[in-house]
Asks: 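Have a look at this one before I ask anything.
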Amino acid sequence: MAGTGIRTRFAPSPTGPLHLGHAYAAAVAHHLARAAGGEFLLRIEDIDHSRARRAWEDAIYDDLNWLGLHWDGAVMRQSDRAPAYRAALQQLWDKGLLYPCTCNRRDIEAAASAPQEGVPHFGPDGLIYPGTCRHKPRPAAMPMDLPLRLDMERAAIATCFVEQDRHVYTSVQDYITGVGDIILSRRGMGTSYHLSVVVDDAEQEITLVTRGADLFDATAIHVLLQHLLDLPTPAYHHHDLIRDESGKRLAKRDDARAIAAYRAEGATPAQVFAMIGITPSAA
Ligand code: GLU
Ligand code: ZN
């Protein structure tokens, strides 16, 4: 299994059934690993306790096995990883890069549309945070019961890297004005999507992250976090999103496209792969 050392992963959230788009993402990661004699890992992204369900997780295992997309080693479950996320947050806190924020969505909308702010700006996570809580006195110890934001100005200047890599914003200013102070720890979660993905890709020693082009902007955030946390940056491959017959992007929540629905209708794995333009030998 060691092979060339290439390691990819599929990282679904167990909040609903796997769809054709998921099958495509999993097949890309699986194929690139297998073609290189490398490994394909599975990670369950279940940090959102209000939406993740064990039954959906079991359905993911079932669908992947049915598709023949077998994974290597133990499955990583993000709900088991709270101490690792906390340690990463502590590292950032100790560098003075995090601050607690108690603004709700309405506070943020109001502050962002205040006349002196000009037009509200949107980044990969939606409305760019207007910085209301950034300059409040910070407590001595990191509070775990409050949302924590990354002080992007300090973070971008601290890394000060300008790479000619197309996955990375090339200027500190782009991070500050185009991304802003993103949330790294959400209330009741102790982490966020961005933080947990970065910490876990490093822990699973992923060398090649394959993901949809819709996550292109998130990748820039992840590369910045890797620099801040002294973690290696894997290679990134952003694949096209699956479209339906009319060229429209398949919605993640279109249950008519669930693998389980095709299975129930008697489709074979080869037929499901054919629907997403993959010949079985390439999966
Ligand atoms: N869990 C994310 C999703 O299903 C993808 C993981 C990633 O590539 O960051 O959209
Ligand atoms: Zn705030």
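Note that ligands are numbered from 1 as they come in the structure, with each ligand's atoms numbered from 1 the same way.
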Asks: Is it the case that ligand 1 has an N or O less than 3.5 angstrom from some N or O of T210?
Replies: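 N/O-N/O distance below 3.5 Å does not exist for this pair.
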Asks: Between E205 and R7, does at least one N-O distance fall below 4.0 Å, as a salt bridge requires?
Replies: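 Looking at R7 together with E205, the answer is no, because their closest N to O distance does not fall below 4.0 Å.
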Asks: May I ask you to check if ligand 1 and H222 share an N or O to N or O distance below 3.5 Å?
Replies: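 No; every N/O pair is 3.5 Å or more apart.
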Asks: With atoms numbered from 1 as shown, which atoms in ligand 1 lie under 4.0 angstrom from a non-hydrogen atom of R211?
Replies: 7 (C), 8 (O), 9 (O)
Asks: Within the 4.0 Å heavy-atom shell around E45, which atoms of ligand 1 are there?
Replies: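 Listed by number with element, the hits are 1 (N), 2 (C), 6 (C).
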Asks: Run the salt bridge (charged side-chain N to carboxylate O under 4.0 Å, His left out) test on D181 and R134 for me, step by step, so that the C-alpha distance in whole Å, both residues' side-chain angles and the decisive distance to 0.1 Å come before the verdict.
Replies: CA-CA 9 Å; D181 294 0; R134 189 186 306 135; 2.7 Å; yes
Asks: Can you find an N or O of A11 that's nearer than 3.5 Å to an N or O of ligand 1?
Replies: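 There is such a contact, yes.
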Asks: Tell me whether D46 is salt-bridged to R53, with the criterion being a basic N under 4.0 Å from an acidic carboxylate O.
Replies: no
Asks: Using heavy atoms and a threshold below 4.0 Å, how should the contact between V209 and ligand 1 be classified: side chain, backbone, both, or neither?
Replies: neither
Asks: List ligand 1 atoms under 4.0 Å from S13, heavy atoms only on the residue side.
Replies: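 Reading through ligand 1 atom by atom, the close ones are 1 (N).
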Asks: To 10°, measure the SG(C133)-the Zn ion (ligand 2)-SG(C101) angle for me.
Replies: 130°
Asks: Please find out if less than 6.0 Å separates the ring center of H239 from that of Y24.
Replies: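 Yes; Y24 has its ring centre under 6.0 Å from that of H239.
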Asks: Please confirm whether R9 comes under 4.0 Å of ligand 1, counting heavy atoms of the residue only.
Replies: yes
Asks: When only distance counts, is H22 in polar contact with ligand 1, meaning an N/O pair under 3.5 Å?
Replies: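 Among all N and O atoms of H22, none is under 3.5 Å from an N or O of ligand 1.
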Asks: Rounded to the nearest 0.5 Å, what's the gap from NE2 on H70 to CZ on R34? Could you check?
Replies: 9.0 Å
Asks: Should the pair E57-R77 be classified as a salt bridge under the 4.0 Å nitrogen-to-oxygen rule?
Replies: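 Counted as a salt bridge, because a side-chain N and a carboxylate O are separated by less than 4.0 Å.
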Asks: Short list, please: which atoms of ligand 1 are under 4.0 Å from a heavy atom of Y193?
Replies: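 Once the distances to Y193 are compared, the set is 7 (C), 9 (O).
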Asks: Kindly state whether the ring of H222 and the ring of Y193 have centres lying under 6.0 angstrom apart.
Replies: yes
Asks: Using a strict 4.0 Å threshold on nitrogen-to-oxygen distance, state whether D201 and R43 make a salt bridge.
Replies: yes
Asks: Under 2.8 Å from the Zn ion (ligand 2), is there any N, O or S atom belonging to Y129?
Replies: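 So Y129 does bind the Zn ion (ligand 2) by this criterion.
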